[in-house]
Protein chains: 2
Amino acid sequence: MSDLNGLAARLKVAGYKLTAPRQAVAQVLEQEGLHLSPNEILARGRQIYPKLSRATVYRTLDLLTELGLIRPIYLHDASQRYVTAQGGHHHLVCTDCGAAFEFEQCDADQLVATLSERFCFEVHSHLLEFYGHCEICKPNQLS
Amino acid sequence: MSDLNGLAARLKVAGYKLTAPRQAVAQVLEQEGLHLSPNEILARGRQIYPKLSRATVYRTLDLLTELGLIRPIYLHDASQRYVTAQGGHHHLVCTDCGAAFEFEQCDADQLVATLSERFCFEVHSHLLEFYGHCEICKPNQLS
DNA sequence: CTCAATTTGAGACTTAATCTCAATTATAGA
DNA sequence: TCTATAATTGAGATTAAGTCTCAAATTGAG
């Protein structure tokens with residue numbers, strides 16, 4: 001069931017081999033969902049497939065990104081993080097403490113259509129991030 | 001003139017000392033403007049102030065980010081990149097080759113108002129990125 | 001001009017990401 | 001089912017990014 005639409009299945013459809021390491025990475029992404037760093041994916045993936053190597057994690061993340069199934073985000077972090085790319089992701093990021101909040105609403109459809117045409121681009125997902133100061137950090141600001 | 005609104009001046013207003021290294025970093029950001037990595041900022045900054053150190057570049061970038069004057073973006077790169085944070089930045093990023101296009105239009109004002117209230121957040125800028133396949137990479141896709 | 005507090009540079013250090021290549025594995029076809 | 005081959009992998013070396021420390025230098029208030 002989830003197999004038909006799952007990340008691993010999508011890899012196969014795209015012509016890539018369905019290997020155990022890839023299935024492990026895909027499963028981690030699907031289970032944990034949000035905001036995973038490559039390191040976290042590696043650790044969790046090894047609980048499923050112990051021999052999983054770091055290189056394979058990066059390679060699989062690249063493949064899934066190219067296919068538009070996941071997407072990197074920035075979260076005030078040293079390392080890249082990934083989210084599954086169903087439609088869009090929307091964050092409110094505090095530039096002081098790094099706290100991140102999510103929200104849902106966003107009407108980018110019209111813009112997507114315009115841009116696709118203008119740049120001959122095939123858009124598969126988007127990221128909308130607002131930067132500012134959160135409730136806690138706001139009072140500490142000097143400016 | 002530009003001094004009054006310049007990044008260096010804003011640092012001073014916020015209570016930080018106005019030092020040569022900081023002015024060099026600020027000048028680079030203002031001149032070059034877009035999509036600079038810390039490494040590039042370091043190299044260009046040393047043309048202005050040769051003793052400039054990597055640590056100071058990162059420290060100054062952090063300060064400017066906290067003040068909401070610049071903002072990190074993701075561009076299919078290993079390193080973090082920064083842009084001046086005047087309002088919003090909008091990119092179309094190809095997940096295959098990493099090419100990035102910019103566009104202007106974006107009406108986020110309404111959303112900003114809603115979010116500010118709901119999360120008690122003080123939003124100072126935003127980033128809107130669309131991910132997909134560019135004109136050149138599109139034909140190579142299997143999916 | 002003086003002095004305290006901030007800021008800096010150099011380089012060590014830590015962590016993230018990439019690369020290489022021999023060994024392994026998936027899968028199409030016999 | 002078995003085989004051949006092309007894709008994929010793991011381990012670890014390597015490179016690059018980012019952080020940290022501390023003595024020395026600098027800013028700016030008084």
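These numbers were taken from a predicted model, which means no experiment stands behind them.
- Direction change of the helix axis from one end of the helix from dC1(C)-dG30(D) to dA30(C)-dT1(D) to the other is 50°, with five pairs defining each end axis (rounded to 10°).
- With contacts defined as side-chain heavy-atom distances shorter than 4.5 Å, the pair L61(A)/L29(A) qualifies.
- The distance from atom CG of L61(A) to atom P of dA16(C) is 14 Å, rounded to the nearest whole Å.
- The shortest distance between the side-chain N/O atoms of Y58(B) and the OP1/OP2 oxygens of dT19(D) is not below 4.0 Å.
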Name the atoms and distances for all side-chain donor-acceptor pairs under 3.5 Å in residues 19-28 of chain B, with sequence neighbours left out.
{"from": "T19(B)", "atom 1": "OG1", "to": "R22(B)", "atom 2": "N", "distance (Å)": "3.4"}
{"from": "R22(B)", "atom 1": "NH1", "to": "K17(B)", "atom 2": "O", "distance (Å)": "2.8"}

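- Each of D62(B) and L52(A) has a nearest nucleotide on DNA chain D; the 5'-most of these lies closest to L52(A).
- A straight line from CG of L42(A) to C1' of dT18(C) spans 15 Å, rounded to a whole angstrom.
- The line from CG of L7(B) to CG of L69(B) is 6.0 Å long, rounded to the nearest 0.5 Å.
- Here the side chain of T56(A) pairs no donor or acceptor atom with the backbone of L52(A) at under 3.5 angstrom.
- Scanning all heavy atoms of the two residues, the minimum distance from Y131(A) to H126(B) falls at CD1-CA, 4.2 Å.
- Residue contacts for R59(B): at a heavy-atom cut-off of 4.0 Å it reaches a base atom on one of the strands shown.
- Note: F101(A) and F121(B) have perpendicular aromatic rings, judged against thresholds of 30 and 60 degrees for the angle between ring planes.
- dT7(C) atom P lies 13 Å from atom CG of L64(B), rounded to whole Å.
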Hey, what are the protein-to-nucleotides 24-30 of chain D N/O distances that come in under 3.5 Å?
{"from": "dT27(D)", "atom 1": "O2", "to": "K17(B)", "atom 2": "NZ", "distance (Å)": "2.5"}
{"from": "dG28(D)", "atom 1": "OP1", "to": "L18(B)", "atom 2": "N", "distance (Å)": "2.9"}

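- Between the side chain of H90(A) and the backbone N or O of L128(A), no donor-acceptor pair lies under 3.5 Å.
- Dashed line: the shortest gap from a side-chain N or O of N39(A) to OP1 or OP2 of dT15(C) is not under 4.0 Å.
- A heavy-atom distance below 4.5 Å is found between the side chains of L42(A) and R46(A).
- Residue-to-nucleotide proximity on DNA chain D shows that, of P21(A) and A55(B), the 5′-proximal contact is made by P21(A).
- L63(B) places its CG atom 8 Å from the P atom of dT7(C), with the value rounded to the nearest Å.
- Using a distance-only test at 3.5 Å, with no hydrogens or angles considered, no donor-acceptor pair links the side chain of E129(B) to the main chain of V93(B).
- Whole-Å rounding puts the L36(B) CG to dG18(D) P distance at 13 Å.
- At dT8(D), one or more side-chain N or O atoms of R22(A) fall inside 4.0 Å of OP1 or OP2 (strictly under the cut-off).
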